[in-house]
There are 2 protein chains.
Amino acid sequence: MTQQPVTARRTPLNRDRVLAAAVVLADEAGIESLSMRRLAQELAVVPMAIYKHVANKEELLDGMVDVIVGEIGPALHNPDWKDAVRTRVLSARQALLRHPWARQAIESRTGRTAAVLEYMDDFIGMFLVGGFSVDLTHHAMHALGSRMWGFTQELFDNEAGHKSTADVPPEVQAAMVQDMSQRYPNILQVAMAARHDDGSVVGQGCDDQFEFEFALDLLLDGFERLHGQDWTSERAMRDRG
Amino acid sequence: MTQQPVTARRTPLNRDRVLAAAVVLADEAGIESLSMRRLAQELAVVPMAIYKHVANKEELLDGMVDVIVGEIGPALHNPDWKDAVRTRVLSARQALLRHPWARQAIESRTGRTAAVLEYMDDFIGMFLVGGFSVDLTHHAMHALGSRMWGFTQELFDNEAGHKSTADVPPEVQAAMVQDMSQRYPNILQVAMAARHDDGSVVGQGCDDQFEFEFALDLLLDGFERLHGQDWTSERAMRDRG
DNA sequence: ACCTGAACACCGTTCAAGT
DNA sequence: ACCTGAACACCGTTCAAGT
C-alpha cells in the first residue's frame, strides 16, 4: 500500500496549526532555530503559505506567547489575595518551564496581545478582590514585574553547557576554583555556600524554585505590610521629599 | 585641497574602537540595526576586518555589555549596605537608560564576562561588608535579579510608537477607552489612577523612576528585616515543610 | 603572514507570473 | 481570486586566492 501523505498535506493550514507547530519547533530545536522557512518545511508547506495565517514573524511570536498564556491556570476568585496571586504565579512558572524559549519571547514582545491583556486584567483583579487600593495594586504589579510571568533573571547561566561538571578533570576544576577565589572571592563564597549535591562549582546546585519563591514571598509580604498600613503613593512621595 | 580620508581609515582598528562604534551604532540606529556588515560600513572597513578583533557577533555583544558595565559607578565601601546598594543600583539604572538596547543585550547574554563577574563580585561585597550572612546575601542577589542591572520588566510598552497620543483624534481615543473599560476593566482602573499630565491612556504618565525605586526599596526593606532577625535559608525551608 | 573578495548557507518578505 | 516560484535585500561566517 502507498504511504499516506503527511497529515500536514491533507488538513488545510490554519492559524492554530501554525502556532502549535511553531511552539513544538521552538521547544525541540530552540527559538534560534525558529524561522519562517524552517517552520514551513516542518508543516510541509511552501514558506509563503504561512503568511496567509500570520502577517509576519512578529505576529507569529505574539501568537506563540498567547499559546503559553493559555496554558496558565485561571485566576482564582479568592478573597485571600496572597494565596490567589501566589498560586497563579507558580502556575505561570510551570507553563514557562515547559517552554524554555517563552521567557525570551515574552521579554521581547513590545505590544500586548488580547490574551496578554486579559491575563493582566485577571491578575490585577486578584488584588482588587483582595481589598487592595487601585493605587497599591498598580505599584505592586510593577514590583512583581517579570515574576508575574513566572520568571526571574538568572544570576548565572544554568542552561546547556555545564550540565555535567563530571567530564571536567578534577585538577582543572580545582584550578578554576583557585582562580575564581582570587579574582571573585565574594562570588565564590556565595557559590560555595549554596548547597550542591554534586560538588560542582558556580551556578549549580542552587534551587531555582526556592530562589523564585523566596523573592516572590518577600514581595508579597511587603505588599501585605503596605496594604495593612493603608499605604498610598502620594504619602510615599511626600515622605521621600 | 583634498579631503582627508576619514579617521577610521587612518588609525588602525582595535577592539576598543570596534566596541565603541558598535555602542554608538546601537544607540543611534537601534540594536536590530546592528549587524557585522553595517558596523563594518560605519567603520569604513571590510566586514571581515572586524573578525580580527572579536571572534563573532556574540563576542561583540559581550564586549558591548562590558562597555556599559564600565559606565556604572564603582561600589561604595560603605558599612551602610542599604545606601551602598541603593546608590549603585540607581547608578546602573542611569547607565542603562543612556543605552536603551543594553537591557535586552544583558538579558540575552548567557555566559558572564570578566567585567560582569567583577561587577557582581563587588555587588555581593556590599552586602557582606554590611554584615549580611553569605546565605542571605545569596538569596538577596537572586531576589534583586535584573534590578541589580537597573532595570525591571515594563508592564506596558512605552517605547516609540505612542509618544504622542496627541495625533490620535479624541473621539477615537474615547472609543478606545470605552472598549478597554469593557474588555479590561481592571487594567483601565489602574491606568486611570496612575497620574498623567497629558490625558493619555494606558502605559503613559506613570513615573518609571518611582516604580523602580518602589520595588527596589520594598526588597531592600525586606532584606533588612530578614537580616535583623538572623534569617537562614535552612530555617526557612524547615518552616515551609 | 596577513588581508580580503567572493562564496556559502541561510534569513524575512515582496511581487509578479501562473492557475 | 488564490497560490507560489523566483527574486530582492539582506544576514553571519568560511575559505581560498591574492598580496
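All of these numbers come straight from a predicted model, not from anything done at the bench. Just so it is clear: chains get the letters A, B, ... in the order the sequence lines come, proteins before strands, and each one is counted from 1.
Below 30°, between 30° and 60°, or above 60°: for Phe127(A) and Phe123(A) the angle between ring planes is between 30° and 60°, a tilted geometry. Between Phe210(B) and His139(A), the ring-plane angle classifies as perpendicular under the 30° and 60° cut-offs.
The interatomic distance linking Glu59(A) (CD) with dG12(C) (C1') rounds to 14 Å, in whole Å. In this entry the distance linking CD of Glu32(A) with C1' of dC11(D) reads 16 Å, nearest Å. In this structure, Ile50(A) atom CD1 and dC3(D) atom P are separated by 14 Å, rounded to whole Å. Between the CD atom of Gln41(A) and the C1' atom of dA9(C) there is a distance of 13 Å, given to the nearest Å. Atom NZ in Lys52(B) sits about 14 Å away from atom C1' in dG5(C), given to the nearest Å. The CZ-C1' distance, from Arg38(A) to dC10(C), rounds to 12 Å in whole Å. In this structure, Leu39(A) atom CG and dC10(C) atom P are separated by 16 Å, rounded to whole Å.
For Asp62(B), the side-chain hydrogen bond (donor to acceptor under 3.5 Å, both in side chains) partners two or more places apart in sequence, or in a different chain, are Arg109(B).
The pair Arg15(B)-Glu59(B) meets the salt-bridge criterion, with a side-chain N (NZ, NE, NH1 or NH2) lying under 4.0 Å from an Asp/Glu carboxylate O.
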What are the atom names and distances for every N/O pair under 3.5 Å that joins the protein to nucleotides 13-19 of chain C?
{"from": "dT13(C)", "atom 1": "OP2", "to": "Tyr51(A)", "atom 2": "OH", "distance (Å)": "2.9"}
{"from": "dT13(C)", "atom 1": "OP2", "to": "Lys57(A)", "atom 2": "N", "distance (Å)": "3.0"}

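Counting only residues at least two apart or on different chains, the side-chain hydrogen bond (donor to acceptor under 3.5 Å, both in side chains) pairs with a member in residues 20-36 of chain A are Asp27(A)-His99(A), Asp27(A)-Trp101(A).
Partner of Met64(B) under the side-chain contact (heavy atoms from CB on, under 4.5 Å) criterion, chosen from Val54(B), Leu25(B), Leu34(B): Leu34(B).
When both distances must be under 3.5 Å, the Watson-Crick or G-U wobble mate of dT4(C) is dA16(D). With a 3.5 Å ceiling on both atom-pair distances, dC10(C) lacks any Watson-Crick or G-U wobble partner.
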